[in-house]
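All remarks here apply to the structure that follows.
Letters A, B, ... are given to chains in the order of the sequence lines, protein chains preceding strands, and every chain is numbered from 1. Just so we're clear, the structure is a prediction, and the values are computed from it rather than from any experiment.
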Protein chains: 2
Amino acid sequence: MRPGINATQTERIIQALERAGYQATPNRRLVAELVASADGHFTAAHLLDRGRRERVTIGRATVFRALDLLTTLRVVERLDLPSGSHAYVLCDPDEHHHHLICSSCGRSEDVADGELPALIERIGRRSGYRIEAHRLELFGTCPRCAGAEADR
Amino acid sequence: MRPGINATQTERIIQALERAGYQATPNRRLVAELVASADGHFTAAHLLDRGRRERVTIGRATVFRALDLLTTLRVVERLDLPSGSHAYVLCDPDEHHHHLICSSCGRSEDVADGELPALIERIGRRSGYRIEAHRLELFGTCPRCAGAEADR
DNA sequence: GGCCGAATGATACCAGGTCTCATTCGGTGC
DNA sequence: GCACCGAATGAGACCTGGTATCATTCGGCC
Ligand SMILES: [Mn+2]
Ligand SMILES: [Mn+2]
Ligand SMILES: [Zn+2]
Ligand SMILES: [Zn+2]
């Protein structure tokens, strides 16, 4: 086990795979470790890089395939950053929520859905649309980064 | 002027360009026409295609540059579809709002911001983040598509 | 008409994925 | 332990959406 790896999170991810009937192969375990130890959001390229630095090789397609799997299991979620690029973030699959992302350090915070469903229900009624999915993404500066900013 | 083109919308887009001090060149007028006559959301490739079908040639980079401009002027907005791909949609720049997009036909409806700011303010207070931007995207089926569905 | 920055097209390039296909893995039945 | 067979994998081609570079052209102004 590599240093800095959150074993509990890793286990949680692997169990999600197994519970859904997927094999917990060495490659998927590796991706789980990399994901679990990511600080904030990350890209597939980022994981690949970190793997390579530790001299573990894994195919690019395999990483994307694993991330796809984890996405459908809602263990990770894909973010659309304001820059237009995509990133993934580790996520709690148990309840629907949204993300508050620090534009400076990339760390993110889960945000409960709160009053959003009621608001959306009203929008659906007014517009006549049958609303099937929604996404709320919040971007800002986390307290830590705001502090660092103030120090300078 | 081509048939099916919404001259008023086209004019509105061109005026936005001029008001911001950009030249309303023939190419930008063309993009404005294509954008104004799009039904629902569209991609750069889609505009390029439609141009080509009417035997008007315009460089790919030029279309992207025009869309960038219109995006900064908030005349169009970029959408992140659940599929992961990007699209643009014609937009009213005058007040902050969000989009309700039909997954079936691609048409979209503007949605007022409503109670969202209050909700976001609360989230910021609870989390300590300074929230600087937000995005709400709603996906569903529009009444027209729901009707067509029911007919079958 | 001449000047000069803005706009343009061609083209190369890039990131982030997806697809194909031949190979390998790994869980199951024996 | 071995054979079997579908699941997983890596390599590499390919694709979409977008950006960078650079030489050319345009267009508003004197
Ligand atoms: Mn989350
Ligand atoms: Mn709009
Ligand atoms: Zn931060
Ligand atoms: Zn529709």
Completion exercise
Numerically ordered, the residues 21-29 of chain B set in heavy-atom contact under 4.0 Å with DNA chain D is Gln23(B), Pro26(B)
Problem - Shortest non-hydrogen contact from Ile101(A) toward Gly106(A) - result: CG2-O, 4.3 Å
Exercise for the section: Report yes or no: is there a donor-acceptor pair, N or O only, under 3.5 Å between the side chain of Arg65(B) and the base of dG9(C)? Expected result: yes
Problem - Between dA8(D) (P) and Leu70(A) (CG): distance, integer Å - result: 13 Å
Exercise for the section: Specify the separation, in whole Å, of atom NE2 of His46(B) and atom C1' of dT16(D). Expected result: 16 Å
Handout entry: Ile14(B): hydrophobic cluster co-members (side-chain, 4.5 Å)
Key = none
Handout entry: Check: Asp113(A)/His97(A) side-chain N/O donor and acceptor closer than 3.5 Å
Key = no
Completion exercise
note: Leu79(B), atom CG; dG17(D), atom P; distance rounded to Å ~ 13 Å
Practice task
Return the 5'-most residue of the pair Ser83(B), Thr62(B) with respect to DNA chain C, ranking by each residue's nearest nucleotide.
Solution key: Thr62(B)
Practice task
Would you mind telling me which of dT9(D), dA20(D), dG17(C) lies closest to the side-chain atoms of Ala61(B)?
Solution key: dA20(D)
Handout entry: Donor-acceptor pair between Glu132(B) and Thr141(A) side chains, under 3.5 angstrom
Key = yes
Problem - Distance, rounded to the nearest Å, where Leu69(B) contributes CG and dA6(C) contributes C1' - result: 11 Å
Handout entry: His86(B) side chain near dG18(D) phosphate (N/O to OP1/OP2, under 4.0 Å)
Key = yes
Handout entry: Arg12(B)-Gln9(B) side chain donor-acceptor pair, cut-off 3.5 Å
Key = yes
Practice task
Write down the distance between CZ (Phe42(B)) and P (dT16(D)), rounded to a whole number of angstrom.
Solution key: 19 Å
Practice task
Go through the side-chain N and O atoms of His134(B) and His98(B) and say whether any donor and acceptor fall under 3.5 Å apart.
Solution key: yes
Exercise for the section: For Leu67(A) and dG17(C), give me the distance from atom CG to atom P, rounded to whole Å. Expected result: 9 Å
Handout entry: Linked, directly or transitively: Ile131(A) and Leu81(B) (ILVMFWY side chains, under 4.5 Å)
Key = no
Exercise for the section: Take atom CZ of Phe64(B) and atom C1' of dG9(C), then tell me their distance rounded to the nearest Å. Expected result: 14 Å
Exercise for the section: State whether the distance check finds a donor on one side and an acceptor on the other, under 3.5 Å, for side chain Arg60(A) versus base dG12(D). Expected result: no
Practice task
Rounded to the nearest angstrom, tell me the gap between atom CG in Leu30(A) and atom C1' in dA8(D).
Solution key: 14 Å
